[in-house]
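Note that the structure is predicted; figures quoted are calculated from it, not measured.
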Amino acid sequence: MNWTDHESYIEIYPPKEFNFDECLIFLGRSNQEVLHQIKEGSVFKLLKMKGSLILCKIGYTINSIKVVFPISIPTIDARKKVGEYVWEWFDLDQDLGEYYQVASQDKVLRSLAHKYYGLRIMCIPDLFEALVWAIMGQQIHLTFAYTLKQRFVEQFGEFITFEGERFWLFPSFENIASLNVDDLRKLQFTTRKAEYILGIAKEMESGRLTKELLLQKQDVHQVRKSLMLIRGIGAWTADYVMMKCLHQASAFPIADVGLHNALKNLFGHKEKPTIDEIEEYATNWGGWQAYATFYLWRSLYDKKV
DNA sequence: ATCCAGGAACTGT
DNA sequence: ACAGTTCATGGA
């Protein structure tokens, strides 16, 4: 992480290939989002560091991301943790120069890379949140997935109020682990999704499932395998979490419907591509499949309005 | 109405 | 290994 501390605020220096406004467009794609709010070019987000709630206002100045604290100034340790969270959230460890080099040679990616230059995968640094969000999104429209997330967060998460508005935190696995299936069924979760989510919460509560343990695996294949051993996590969810939480640029949720629709639109086809055809398109995406996927998702968001 | 949605587990071959 | 079936609910 490249940053400086100024007590009342912190500054984070992203790599060259970075466009804050592009990232904000992705963050603003749903008006049902409850975990952050965008206002006047900044994004407000509530975080919890070392037990205390910290409201952050994240904006951009000439060449740095500036994080200010509208409610109260956190300790130096907490400020550093906030910086690390933001660094991960915007996927700033990634060397996008390489991706753009790959993209410039590829007829599918070239125009997208130019159009959305500086866009980074907007990550979900918290493993529990990433897994639960992925499971919520399985086999349903995104709008309904957001509805489920909103109910889940507002039922089981913490919040603070600032200037008459509520800012929410995603529920902790400790809280969710003590629930039963009916608690989630009441919010319109299917029995299966409820079981998956409770199972994962318990697995994390036991300490057997942590982000650190996953990142210690020898290679991405091992990470994927151990994720898929967990009930409720298939290939799609494993790849999704690897790209959105574990920063694996080569993760590739190839069965994703959004990816299929994006490719269909891009080529103006009537039918969605088959898996074989997608593999064909992706032959030269080596190592950057997650970014290819994310940029294709981003292209879907243009179509609306 | 009907088909589908940022799938996964289960069952049978 | 592979294909078909079931789960469940709201969106378009």
Undergrad: Whole angstrom is fine here: how far is it from NE2 in H141(A) over to C1' in dG10(C)?
TA: 7 Å

Undergrad: Taking the side chain of W236(A) as its heavy atoms from C-beta onward, which of dC4(B), dG7(B), dC10(B) lies nearest to it?
TA: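 So the side chain of W236(A) is nearest to dG7(B).
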
Undergrad: Quick check on dA5(B): is either OP1 or OP2 less than 4.0 Å from any side-chain nitrogen or oxygen of K272(A)?
TA: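 So the side chain of K272(A) is within the cut-off, an N or O lying under 4.0 Å from OP1 or OP2 of dA5(B).
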
Undergrad: Where do N284(A) and V102(A) land on the side-chain contact (heavy atoms from CB on, under 4.5 Å) test, with the steps shown first?
TA: CA-CA 7 Å; N284(A) 296 317; V102(A) 167; 5.7 Å; no

Undergrad: Is T143(A) near enough to dG10(C) that one of its side-chain N or O atoms lies under 4.0 angstrom from OP1 or OP2?
TA: no

Undergrad: Determine, stepwise, if the pair Q37(A) / V43(A) fulfils side-chain contact (heavy atoms from CB on, under 4.5 Å).
TA: CA-CA 6 Å; Q37(A) 339 257 343; V43(A) 54; over 6 Å; no

Undergrad: Does dA8(B) have OP1 or OP2 sitting under 4.0 Å from an N or O in the side chain of T237(A)?
TA: yes

Undergrad: Under 3.5 Å, is there an N or O donor on one side and an acceptor on the other linking the side chain of Q138(A) and the base of dA8(B)?
TA: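 No.
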
Undergrad: Nearest-Å distance, CE (M136(A)) to C1' (dG7(B))?
TA: 15 Å

Undergrad: Any idea which of dA8(B), dA5(B), dT9(C) is nearest the Q139(A) side chain?
TA: dA5(B)

Undergrad: Tell me, with the steps shown, if W3(A) and E84(A) meet side-chain contact (heavy atoms from CB on, under 4.5 Å).
TA: CA-CA 9 Å; W3(A) 75 309; E84(A) 284 166 353; over 6 Å; no

Undergrad: Between Y146(A) and W133(A), does a side-chain contact (heavy atoms from CB on, under 4.5 Å) hold up when you go through it step by step?
TA: CA-CA 9 Å; Y146(A) 272 109; W133(A) 173 236; 4.0 Å; yes

